[in-house]
Amino acid sequence: MDYQNKLILAPMVRVGTLPFRLLSADYGADITYGEEIIDHKFVKCVRRINESIGSIDFVDKGTESVVFRTCQEERDRVVFQIGTSDAVRALTAAQIVCNDVAAIDINMGCPKAFSISGGMGAALLSKPELIHDILTTLKRNLNTPVTCKIRLLKSPSDTVELARRIEKTGVSALAVHGRKVEDRPRDPARWNEITDVVAALSIPVIVNGDVFEYEDFQRIKEATGASSVMVARGALWNASIFSPEGKLPWEEVKREYVRKSFIWDNCIKSTKHTLREMISHYSSLELPEGKAVIKSDTLADLAEYYGVR
């Protein structure tokens, strides 16, 4: 896995599904992260080949629901992100999926209450010994590259110190979100503090925060010196942000997302807000013959409306 000069789709819960990852890759994303999967949930999964659609599914043995879906097409670029607070459990989860993905990433930056209360995500930032335990356990037992994603700490020196400790575990790269735990998306990303991390490390640093146009990729690289750039909301709002030719019309992007969701049997109902807008918008549109409206958000209705086969 090469982390130099890459455009990267960030991990986003209820967004980073297989159709959206493939959509982003079509537009130019070099590396695509799946949504965070909690280790407690994934260790209950079994790997299955879904011959009907050509996917590799990791299915909960109890509920028979698909927890993670991938395919051979994205094998060399998809990153599986784990939410964890335990080294052994993280390894167990990683071993289930490591042969079907390009890398394993540990979430150390999520500020949501669910993650922090479970000792996961940003809660790990104050536990450097546990971070070391998790990352070294994965590195010793996996042939797959291991990375992690953090947020900025209280002071730039604290962030640099933690980043150096992480580098010593042997990870292949470090992603840094340019906000602190208490910051909100409306707060500007602190690119200058990421610059300090880049200068302190020899491994690739992936910078994340406030990328909304294709030009921002190069601008943030030049501002921070980072190896690669990761985008979240900018891609959520329009996945064609990865295209050097410029963003495509929203309608065209929506159509392609729906088409891929239909092909890969993706459940729209659990998809996050902006992508659901693609669906809710059509719930009020009249069908071409003008005598019916789409009442449900099922893919079958959308496929019929779009003429997708």
Side-chain angles (χ1 to χ4, degrees), residues 8-17 20-21 32-45 58 60 63 65 67-68 78-94 96-97 101 103-138 146-154 158-159 162-163 165-166 169 171 173-187 189-190 194 197 206-209 230-233 235-236 270-275:
I8 303 174
L9 175 69
M12 291 181 280
V13 174
R14 302 199 314 278
V15 174
T17 58
F20 194 72
R21 297 194 303 268
T32 57
Y33 281 58
E35 59 184 324
E36 175 195 25
I37 305 292
I38 306 302
D39 56 4
H40 281 286
K41 187 171 187 177
F42 203 69
V43 296
K44 301 175 184 177
C45 290
F58 294 86
D60 187 301
T63 64
S65 60
V67 175
F68 179 71
V78 63
V79 178
F80 184 81
Q81 189 183 67
I82 302 174
T84 186
S85 61
D86 181 85
V88 174
R89 199 164 53 242
L91 176 61
T92 301
I96 294 171
V97 72
V101 297
I104 300 292
D105 184 83
I106 301 299
N107 183 343
M108 299 183 180
C110 180
K112 300 294 186 183
F114 170 79
S115 288
I116 292 178
S117 64
M120 303 176 292
L124 291 173
L125 296 176
S126 60
K127 302 175 181 178
E129 293 81 9
L130 180 54
I131 288 177
H132 181 272
D133 189 23
I134 292 171
L135 295 178
T136 54
T137 297
L138 294 179
V146 175
T147 62
C148 65
K149 185 171 184 283
I150 66 171
R151 282 187 172 237
L152 299 175
L153 274 64
K154 293 293 184 181
D158 289 341
T159 307
L162 178 63
R165 295 188 69 161
I166 288 172
T169 67
V171 294
L174 172 66
V176 184
H177 187 147
R179 291 182 175 85
K180 300 179 181 180
V181 174
E182 63 271 17
D183 289 341
R184 300 278 72 86
R186 64 178 176 272
D187 298 316
R190 307 167 193 257
I194 298 178
V197 176
I206 303 165
V207 60
N208 175 215
M230 175 182 283
V231 57
R233 288 177 296 159
L236 173 61
S270 62
T271 300
K272 199 171 183 178
H273 51 86
T274 302
L275 297 182

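Residues satisfying the side chain to side chain donor-acceptor pair (under 3.5 Å) criterion with S117, sequence neighbours excluded, are absent altogether. Annotation: side-chain contact (heavy atoms from CB on, under 4.5 Å) contacts of S126 (sequence neighbours excluded): none. Shown here are the side-chain contact (heavy atoms from CB on, under 4.5 Å) partners of A122, two or more places apart in sequence or in another chain: I116, L125, V181. Applying the ring-ring contact (aromatic ring centres under 6.0 Å, His included) rule to Y33 yields no partners; only residues at least two apart in sequence or on another chain are considered. R186 is linked by a side-chain contact (heavy atoms from CB on, under 4.5 Å) to R184, counting only residues two or more places apart in sequence or in another chain.
Residue I150 holds its CD1 atom at 6.5 Å from OG1 of T159, rounded to the nearest 0.5 Å. A distance of 8.0 Å separates CD of E35 from CZ of R21, quoted to the nearest 0.5 Å. Separating the CD1 atom in I96 from the CD1 atom in I37 is a distance of 11.5 Å, to the nearest 0.5 Å. I131 contributes atom CD1, which lies 7.0 Å from atom SG of C148 (distance to the nearest 0.5 angstrom). Expressed to the nearest 0.5 Å, how far CG of L174 lies from CE of M108 amounts to 9.0 Å. The distance from the OG1 atom of T147 to the CD1 atom of I166 is 10.5 Å, given to the nearest 0.5 Å.
Between M230 and A10, the shortest heavy-atom contact is CG-CB, 3.3 Å. Looking at every heavy atom in both residues, A173 comes nearest to I206 through CB-CD1, 4.3 Å. When every heavy atom of L236 is checked against every heavy atom of F20, the shortest pair comes out as CA-CZ, 4.0 Å. Nearest heavy-atom pair, R233 versus P185, reported as atom, atom and distance to 0.1 Å: NH2-O, 3.4 Å.
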Please evaluate residues L138 and I106 with respect to the criterion side-chain contact (heavy atoms from CB on, under 4.5 Å), reporting the C-alpha separation (whole Å), side-chain torsions for both, the decisive distance (0.1 Å), and the verdict. CA-CA 10 Å; L138 294 179; I106 301 299; 3.6 Å; yes
Where do D158 and L162 land on the side-chain contact (heavy atoms from CB on, under 4.5 Å) test, with the steps shown first? CA-CA 6 Å; D158 289 341; L162 178 63; over 6 Å; no
For side-chain contact (heavy atoms from CB on, under 4.5 Å), just list the numbers for V101 and V79, CA-CA rounded to whole Å, side-chain angles, deciding distance to a tenth of an Å, and then say yes or no. CA-CA 6 Å; V101 297; V79 178; over 6 Å; no
Stepwise, does the side-chain contact (heavy atoms from CB on, under 4.5 Å) test hold for R179 with R151? CA-CA 6 Å; R179 291 182 175 85; R151 282 187 172 237; 3.7 Å; yes
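Screening T32, V97, L9 against V78 for a side chain to side chain contact (heavy atoms under 4.5 Å, CB included) leaves a single residue, T32.
A 4.5 Å side-chain heavy-atom check between N107 and P11 finds every atom pair outside the cut-off. With contacts defined as side-chain heavy-atom distances shorter than 4.5 Å, the pair L152/V176 qualifies.
Note on D183 versus R190: salt bridge recorded, some NZ/NE/NH1/NH2 to OD/OE distance being below 4.0 Å. Salt bridge present: E182 and K154 bring a charged side-chain N and a carboxylate O closer than 4.0 Å.
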Output side-chain donor-acceptor pairs under 3.5 Å for residues 85-94, partner residues at least two apart or in another chain, one line each.
unit_1	atom_1	unit_2	atom_2	d
S85	OG	R89	NH2	3.4
S85	OG	G118	O	3.4
D86	OD2	V88	N	3.2
D86	OD2	R89	N	2.8
R89	NE	D39	OD1	3.3
R89	NE	D39	OD2	3.1
R89	NE	H40	NE2	3.4
R89	NH2	H40	NE2	3.2
T92	OG1	V88	O	3.0

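Neither side chain, D60 nor S65, offers a donor N or O lying under 3.5 Å from an acceptor on the other.
Side chain of T137 to main chain of D133: a donor-acceptor pair is present (N/O by atom type, distance under 3.5 Å, no hydrogens or angles).
Aromatic ring orientation, F68 versus F80: perpendicular (interplanar angle above 60°, classes split at 30° and 60°).
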